[in-house]
Amino acid sequence: MIREFVLQAVDACGVTGDAAGYVSHAILVVVAILIAALAGWLCRRLVVPSVLKLTAKTEAKWDDALFNRDVLMAACSIVPAIVIWRVLPWTFNDFPTVREVLTRLTAIYITVMSVRTLVVFIDSFKRLENGPRSARQQYIYSVCGVMKIVIIFLAIIVVVAIVIDKDPTTLFAGLGAASAILMLAFQDTIKGLVAGIRLTTNDMVHIGDWITVPSAGANGRVEDISLTTVKVRNFDNTIVTVTPQTLVDGSFQNWIGMEQNAGRKQVRRVYFDFRSVTLDDEGVANITKFRHHIEQWLRENPKVIGEKNPLVRQAEDTQTGCCLEFVFWLYAQAAIDFEHDTSDIMEYIFAASNKYGLTIYQRAGL
């Protein structure tokens, strides 16, 4: 209808011959561009605000996260290309080669922008939860990562099929012979997915957990968990990336249990010279009185959790002397505070032992 109207208008203006054909096609191209631009403008100015207002009125939060502005704007970028693709047959009816080239380019653009919209939509799942990820959420994130890889891979096949003018199913059928190469190329991704599933299903690590991975030099908070990496910010603010495979196959320490419970346990040993262990007039050993005193002092110490029953016990003696083991729980969990409080306590123990006539073992000559 539009083509016929343009042809009649050009003819009415008195343009004839080859000039009429060129002028008609130029006008049709301009009309097609204007229609596509108008469709995109209406989508951005009318459809997007309407959808955002509709999702804002609902009590559910998932629609606000999944149908956010980024997703809708990405989808709107496809609309002008669809319009162009639909009007190409009558715009370049007399130029089949040009029409074929533009049709393929438009199809490639639609494919790429559709993939971009799907990727943005998948990334929108991150907005569903602002707090630390649960094991189920981390599993979903891993699956979403695989979905993005699969979508991009399929899009590449479709684009190649459009360029060489082949049926995409034919290309997919030919991939059977290349499956071994693909498995080799994506082996890290596949291993990462399996390791990520094991991490999440076994509830081994979460965002915000304090973990220690000696083999990787990691000692800090987990900032991000993806399909192939676990990002850890050390306490010196350096960033260490560890593969999920490393955490699953190797050994790492998660301090979440300590942080979820009140206090942090400390165990220290001190060796005393056997020759300084004596009996008083009542027949009680000075080391026994010292042990009881320290236990009581630990219970009354404001830095120590007295309810957890601090313990000072006789450990196995060695050639380095008579061993006392001090077991107590500190309120402080931060590394610096924990070490400072431990040092304060041990320094008091060293000084108090002298009052009871005990001598801390020290190798001769040192």
Side-chain angles (χ1 to χ4, degrees), residues 204-205 209-221 232 234-236 240 246-247 249-366:
M204 298 171 66
V205 66
D209 286 0
W210 170 17
I211 66 171
T212 303
V213 190
S215 61
N219 182 18
R221 300 284 179 181
V232 181
N234 287 340
F235 292 111
D236 58 359
V240 178
T246 300
L247 298 181
D249 293 342
S251 175
F252 74 98
Q253 190 171 14
N254 193 329
W255 298 85
I256 187 64
M258 179 269 295
E259 294 185 327
Q260 289 179 346
N261 291 280
R264 184 174 172 184
K265 186 179 181 180
Q266 181 62 283
V267 179
R268 288 296 184 91
R269 288 187 174 187
V270 178
Y271 293 87
F272 297 95
D273 193 330
F274 284 109
R275 291 168 293 187
S276 66
V277 179
T278 60
L279 294 175
D280 59 11
D281 296 338
E282 301 175 354
V284 180
N286 57 348
I287 196 170
T288 303
K289 291 185 176 181
F290 172 73
R291 179 165 51 82
H292 292 166
H293 166 70
I294 296 300
E295 276 191 356
Q296 185 62 33
W297 180 80
L298 288 173
R299 291 191 184 96
E300 298 173 354
N301 192 310
K303 299 177 181 179
V304 178
I305 304 177
E307 293 79 5
K308 289 186 176 291
N309 294 323
L311 174 65
V312 181
R313 72 183 190 91
Q314 183 74 33
E316 183 178 357
D317 300 326
T318 65
Q319 293 180 349
T320 55
C322 179
C323 180
L324 286 185
E325 187 174 69
F326 304 87
V327 183
F328 50 91
W329 294 77
L330 294 175
Y331 285 106
Q333 295 184 359
I336 294 178
D337 296 336
F338 178 77
E339 295 297 336
H340 284 176
D341 291 349
T342 300
S343 299
D344 293 342
I345 291 173
M346 296 309 300
E347 288 161 1
Y348 175 84
I349 291 174
F350 297 151
S353 63
N354 187 51
K355 294 182 179 181
Y356 287 85
L358 295 171
T359 303
I360 298 176
Y361 177 82
Q362 183 172 328
R363 185 179 301 175
L366 296 180

Can you see which heavy atom on Met346 is nearest to which on Phe326, and at what distance? CE-CD1, 4.5 Å
Can you tell me how the ring of His293 sits relative to the ring of Tyr348, calling it parallel under 30°, perpendicular over 60° and tilted otherwise? tilted
Report the distance from atom SG of Cys322 to atom CZ of Arg275, rounding to the nearest 0.5 Å. 13.5 Å
Is the ring centre of Trp210 less than 6.0 Å from the ring centre of Phe235? yes
Asn301 CG to Arg299 CZ distance, which is reported to the nearest 0.5 Å: 12.5 Å
Under a 4.5 Å cut-off applied to non-hydrogen side-chain atoms, are Trp297 and Ile345 in contact? yes
Closest non-hydrogen atom pair between Ile294 and Ala352, with its separation: CD1-CB, 4.4 Å
Can you see which heavy atom on Cys323 is nearest to which on Tyr271, and at what distance? CB-CE2, 3.5 Å
Look at atom CD of Glu300 and say whether more than 12 heavy atoms of other residues, nucleotides or ligands are closer to it than 6.0 Å. yes
Looking at Glu295 and Val312, what are the two nearest heavy atoms and their distance? OE2-N, 3.0 Å
CD (Gln266) and CD (Glu339) are apart, to the nearest 0.5 Å, by 6.5 Å
Nearest heavy-atom neighbours spanning Ala332 and Asp337: CB-CB, 3.7 Å
Report yes if some heavy atom in the side chain of Phe252 is under 4.5 Å from a heavy atom in the side chain of Thr246; otherwise report no. no
Under the rule for side chain to side chain contact (heavy atoms under 4.5 Å, CB included), what residues qualify as partners of Thr359, not counting sequence neighbours? Asp273, Ser276
Indicate yes or no: at least one non-hydrogen side-chain atom of Ile211 is less than 4.5 angstrom from one of Gln253. no
Quick one: pull up NZ in Lys289 and NZ in Lys355 and give me the separation to the nearest 0.5 Å. 15.0 Å
Any side-chain heavy-atom pair of Phe274 and Asp317 under 4.5 Å: yes
Kindly compute the distance separating OG1 (Thr342) from CD (Glu347), expressed to the nearest 0.5 Å. 10.5 Å
In short, Leu330 meets Ile305 closest at the heavy-atom pair O-CD1, 4.0 Å
Between Asp280 and Glu282 (side chain of the first, backbone of the second, donor and acceptor by atom type, cut-off under 3.5 Å), is there such a pair? yes
Asn219 side chain vs Thr212 backbone, donor-acceptor pair below 3.5 Å: no
Enter the distance from Asn286:CG to Leu279:CG here, rounded to the nearest 0.5 Å. 8.0 Å
